[in-house]
K.L.:
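Can you keep this structure in mind? I'll have questions shortly.
Here, residue 1 is the first one in the sequence, and each next residue gets the next number. Just so it is clear, the model here is predicted, and its values are computed rather than measured.
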Amino acid sequence: MASVARARPALSVWWLGLASALLLGGCDPAPPPPSGSPSGAPPAAAPSPTCPATAQVGGPGATLERQGTGDGATLWALLFPRDPLLTTATEIKVVWRMTGSGDFAVSATGPDGTVVEPTWGPEAHGGSNWERPGEEWGTGWRFPTAGCWTVTAVRGTAKGSLAFRVAEQA
């Protein structure tokens with residue numbers, strides 16, 4: 001019986017040590033702020049948007065509304081596709097909402113660095129039932145080559161961007 005009495009305190013210490021390790025193991029100290037950014041403030045430039053895995057812009061399961069990345073603004077796009085797949089032969093209407101002030105300017109940069117302007121627009125929209133922050137403009141786009149295209153919108157000093165994957169015409 002004496003050996004069992006001695007084993008219980010050792011077992012209790014072992015369980016206490018295991019519980020402490022499990023509780024404290026997930027408590028890493030906060031990482032230091034990135035160098036060059038005072039007190040962890042966000043970087044000056046917005047991160048690049050991620051290119052979608054597919055060129056699907058319509059049909060079942062497609063997301064017709066997309067949020068872009070922004071630097072000093074929010075950017076939203078509402079897609080009005082003519083076809084379910086965005087290809088080099090397809091024109092797509094995109095309605096934009098962007099916060100900020102000043103004129104709205106927009107262009108797209110392709111996978112090879114080619115820059116294109118909208119085929120029409122931007123046209124300011126006076127009224128809408130689409131509820132996202134900012135003012136609204138409509139544009140039409142035709143992307144000349146397949147790959148990832150990044151549309152960049154600017155209002156004053158604010159910028160926003162959104163990527164589109166474009167497939168080759170079938």
K.L.:
Under the salt bridge (charged side-chain N to carboxylate O under 4.0 Å, His left out) rule, what pairs show up with a residue in residues 86-107, not counting sequence neighbours?
P.N.:
Arg82-Glu91, Arg97-Glu136

K.L.:
Determine the minimum heavy-atom distance between Gly58 and Pro81, stating which atoms define it.
P.N.:
CA-CG, 4.0 Å

K.L.:
Tell me whether Arg142 contacts the main-chain N or O of Ala89 through its side chain, where contact means a donor paired with an acceptor under 3.5 Å.
P.N.:
yes

K.L.:
Between Leu162 and Ala77, what is the shortest heavy-atom contact and its length?
P.N.:
CD2-CB, 3.5 Å

K.L.:
Where is the tightest heavy-atom contact between Pro111 and Gly147, given as atom of each residue plus distance?
P.N.:
CG-CA, 4.0 Å

K.L.:
For Phe80 and Val95, which heavy atoms make the closest approach, and how far apart are they?
P.N.:
CE1-CG2, 3.5 Å

K.L.:
Between Thr88 (side chain) and Ala146 (backbone), is there a donor-acceptor pair under 3.5 Å?
P.N.:
no

K.L.:
Considering all heavy atoms of both residues, which atom of Ala163 and which atom of Pro52 are nearest to each other, and what is their separation?
P.N.:
O-CD, 3.5 Å

K.L.:
I want to check something: taking the side chain as every heavy atom from C-beta on, are Val151 and Val106 in contact at a cut-off of under 4.5 Å?
P.N.:
yes

K.L.:
Taking only residues at least two apart or on different chains, which pairs with a member in residues 106-120 satisfy salt bridge (charged side-chain N to carboxylate O under 4.0 Å, His left out)?
P.N.:
none

K.L.:
Heavy-atom distance under 4.5 Å between the side chains of Phe104 and Met98, does that happen here?
P.N.:
yes

K.L.:
Consider only side-chain N and O atoms of Trp76 and Thr74, and report whether a donor and an acceptor are under 3.5 Å apart.
P.N.:
no

K.L.:
Knowing that exactly one of Thr69, Thr152, Thr150 qualifies, which makes a side-chain hydrogen bond (donor to acceptor under 3.5 Å, both in side chains) with Ser161?
P.N.:
Thr69

K.L.:
Mind checking whether Trp96 and Trp141 have parallel, tilted or perpendicular rings, split at 30° and 60°?
P.N.:
perpendicular

K.L.:
Is any side-chain heavy atom of Val94 closer than 4.5 Å to a side-chain heavy atom of Arg66?
P.N.:
no

K.L.:
If you define the side chain from C-beta out and look only at heavy atoms, does anything of Val166 sit under 4.5 Å from Thr145?
P.N.:
no

K.L.:
Heavy atoms only: give me the nearest Thr99-Ala73 pair and the separation to one decimal.
P.N.:
OG1-CA, 3.2 Å

K.L.:
Take Glu65 and Trp130 through the test side-chain contact (heavy atoms from CB on, under 4.5 Å) and record every step on the way to the result.
P.N.:
CA-CA 10 Å; Glu65 180 182 68; Trp130 183 34; 2.6 Å; yes

K.L.:
Any side-chain heavy-atom pair from Leu79 and Phe164 closer than 4.5 angstrom?
P.N.:
yes

K.L.:
Any pair with a residue in residues 161-170 that passes salt bridge (charged side-chain N to carboxylate O under 4.0 Å, His left out), sequence neighbours left out, goes on the list, sorted by first then second residue, please.
P.N.:
none

K.L.:
With a 4.5 Å limit on heavy-atom distance, are the side chains of Cys148 and Phe143 in contact?
P.N.:
no

K.L.:
Is there a chain of hydrophobic side chains (I, L, V, M, F, W, Y, each step under 4.5 Å between heavy atoms) that links Trp137 to Ile92?
P.N.:
yes

K.L.:
Side-chain heavy atoms under 4.5 angstrom apart, residues restricted to Ile, Leu, Val, Met, Phe, Trp, Tyr: same cluster for Val116 and Leu86?
P.N.:
yes

